[in-house]
Protein chains: 2
Amino acid sequence: MPKNPAQCQFVVALDSIVGKWKPMILYHLLQGQPLRFNELRRLLPDITQRMLTLHLRELEEEEIVKRVVYPQIPPKVEYSITEYGKSLSPILEALHQWGLAHVQRKQLHKGNNEQTETD
Amino acid sequence: MPKNPAQCQFVVALDSIVGKWKPMILYHLLQGQPLRFNELRRLLPDITQRMLTLHLRELEEEEIVKRVVYPQIPPKVEYSITEYGKSLSPILEALHQWGLAHVQRKQLHKGNNEQTETD
DNA sequence: CCGCATCCCGACCGATACTG
DNA sequence: CAGTATCGGTCGGGATGCGG
């Protein structure tokens with residue numbers, strides 16, 4: 001981490017990851033399999049087409065995700081993680097690990113407080 | 001990373017890190033020095049008191065940041081990173097590294113496109 | 001010095017309907 | 001099947017002013 005605040009670039013990385021659905025989209029794509037639009041929709045039960053499209057476009061823009069259109073009827077579009085996109089994997093992994101520990105920690109505190117807190 | 005999507009916890013971690021100013025607050029606090037409220041304000045030139053307070057409260061809530069009040073006139077409050085909060089350091093670091101590579105990558109592409117793109 | 005309360009705006013996201 | 005267009009709600013966050 002640089003001593004000079006101006007050179008901090010976590011925000012850049014966060015911009016690529018953040019968004020209500022981006023982490024989950026990336027998660028599924030990082031499994032390796034290319035996925036069609038509607039396959040992704042099924043995997044993200046609560047996402048709307050709109051949001052899926054928008055987030056995929058952003059990820060595509062940053063070359064984290066590759067979009068392949070098969071010119072046929074009915075249309076077929078496949079999304080896959082790029083080699084570059086795979087470089088995000090360790091970060092997601094680290095985030096996941098920390099998140100896991102964090103929820104467990106919260107659970108513990110909750111348990112402890114339920115005895116002392118009479119409010 | 002778990003095979004089961006339901007167990008993914010990056011979102012939890014992201015919640016703790018995300019917010020317009022949280023990464024920068026954490027960055028400054030991770031330097032080790034406890035900082036007073038107005039010191040943080042000076043370090044984050046564009047933040048409003050409101051936002052600084054809110055974000056600090058959230059970080060305090062999750063025990064990432066410790067708040068110490070010195071009962072004196074004029075008031076003095078010091079914020080510091082907790083031991084637990086320090087566990088975020090590797091993540092911020094990884095995020096920073098990736099962000100750095102990402103901006104450089106973008107720079108390159110921009111340079112390449114400026115010759116081919118006549119739009 | 002530190003912080004809360006209020007008002008307000010714009011971005012993000014959801015719902016729905018329509019198209020090639 | 002894979003999108004685009006439009007409308008509207010919600011909410012993070014900015015500006016300002018007051019209080020201990």
Side-chain angles (χ1 to χ4, degrees), chain A residues 5 8 10-29 33-62 64-81, chain B residues 5 8 10-29 33-62 64-81:
Chain A
C8 294
F10 3 73
V11 237
V12 179
L14 284 171
D15 278 348
S16 304
I17 298 178
V18 168
K20 187 164 181 185
W21 303 97
K22 270 187 198 171
M24 275 320 225
I25 293 175
L26 288 174
Y27 165 77
H28 287 295
L29 256 22
Q33 283 265 340
L35 292 171
R36 300 181 60 172
F37 189 81
N38 275 359
E39 285 178 322
L40 275 168
R41 273 188 79 185
R42 267 187 292 279
L43 289 168
L44 277 12
D46 293 337
I47 201 171
T48 59
Q49 303 104 312
R50 174 188 162 74
M51 278 302 103
L52 184 52
T53 308
L54 285 168
H55 279 147
L56 283 170
R57 288 292 180 285
E58 287 179 36
L59 292 168
E60 195 192 346
E61 178 74 17
E62 306 199 327
I64 291 166
V65 161
K66 189 173 56 184
R67 177 171 179 260
V68 180
V69 183
Y70 298 86
Q72 61 184 46
I73 307 291
K76 174 177 169 184
V77 181
E78 273 188 352
Y79 294 92
S80 56
I81 194 89
Chain B
C8 294
F10 4 74
V11 239
V12 179
L14 284 170
D15 278 348
S16 303
I17 298 178
V18 168
K20 187 164 181 184
W21 303 98
K22 270 186 197 171
M24 277 319 225
I25 294 175
L26 287 173
Y27 165 76
H28 287 296
L29 256 21
Q33 283 263 343
L35 293 171
R36 300 182 57 173
F37 189 81
N38 275 0
E39 285 179 320
L40 275 168
R41 275 189 76 183
R42 268 187 292 278
L43 291 168
L44 277 12
D46 293 336
I47 201 172
T48 58
Q49 305 103 311
R50 172 189 161 75
M51 279 302 104
L52 184 52
T53 309
L54 258 53
H55 280 147
L56 284 171
R57 287 293 178 283
E58 288 178 36
L59 292 168
E60 196 192 345
E61 179 73 17
E62 307 199 327
I64 291 167
V65 161
K66 189 173 55 183
R67 177 172 181 259
V68 179
V69 185
Y70 298 85
Q72 60 184 44
I73 307 291
K76 174 177 170 184
V77 181
E78 271 188 354
Y79 295 91
S80 56
I81 194 88

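The sequence lines fix the lettering, A, B, ..., with proteins before strands; numbering per chain opens at 1.
- The two atoms that bring B:Tyr70 and B:Glu78 nearest to each other are OH-OE1, 3.2 Å, heavy atoms only.
- Between B:Arg50 and B:Arg42, the residue whose closest nucleotide on DNA chain C is further toward the 5' end is B:Arg42.
- Listed candidates were C:dG3, C:dA15, C:dC13. Nearest to the side chain of A:Thr48 is C:dA15.
- Boundaries of the chain B contact region on DNA chain D are D:dG13 to D:dG20, first to last in 5' to 3' order (nucleotide atom under 4.0 Å from a heavy atom).
- DNA chain D is contacted by both B:Leu54 and B:Gln49; B:Leu54 maps to the nucleotide lying nearer its 5′ end (nearest heavy atom per residue).
- The shortest distance between the side-chain N/O atoms of A:His55 and the OP1/OP2 oxygens of C:dC12 is not below 4.0 Å.
- At least one side-chain nitrogen or oxygen of B:Arg57 sits closer than 4.0 Å to the OP1 or OP2 atom of C:dG3.
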**OP:** Show your working on side chain to side chain contact (heavy atoms under 4.5 Å, CB included) between B:Glu58 and B:Lys22 and close with a plain yes or no.
**Re:** CA-CA 9 Å; B:Glu58 288 178 36; B:Lys22 270 186 197 171; 2.7 Å; yes
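- Residue B:Tyr70 is classed as having no contact, given no heavy-atom separation below 4.0 Å to the nucleic acid.
- B:Arg41 is listed as a side-chain neighbour of B:Leu52, based on a closest heavy-atom distance under 4.5 Å.
- Of the two residues contacting DNA chain D, namely B:Ile47 and A:Leu56, the nearest-nucleotide position lying further toward the 5' end is that of A:Leu56.
- Across all strands, B:Arg36 comes closer than 4.0 Å only to sugar-phosphate atoms, never to a base (heavy-atom distances).
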Subject >> Derivation of the side chain to side chain contact (heavy atoms under 4.5 Å, CB included) call for B:His28 and B:Leu44 >> reply: CA-CA 9 Å; B:His28 287 296; B:Leu44 277 12; 3.3 Å; yes
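- Residue contacts for B:Arg41: at a heavy-atom cut-off of 4.0 Å it reaches no nucleic acid atom on any strand shown.
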Original post:
Please walk me through it: do B:Leu29 and B:Leu59 pass side chain to side chain contact (heavy atoms under 4.5 Å, CB included)?
Top reply: CA-CA 11 Å; B:Leu29 256 21; B:Leu59 292 168; 5.6 Å; no
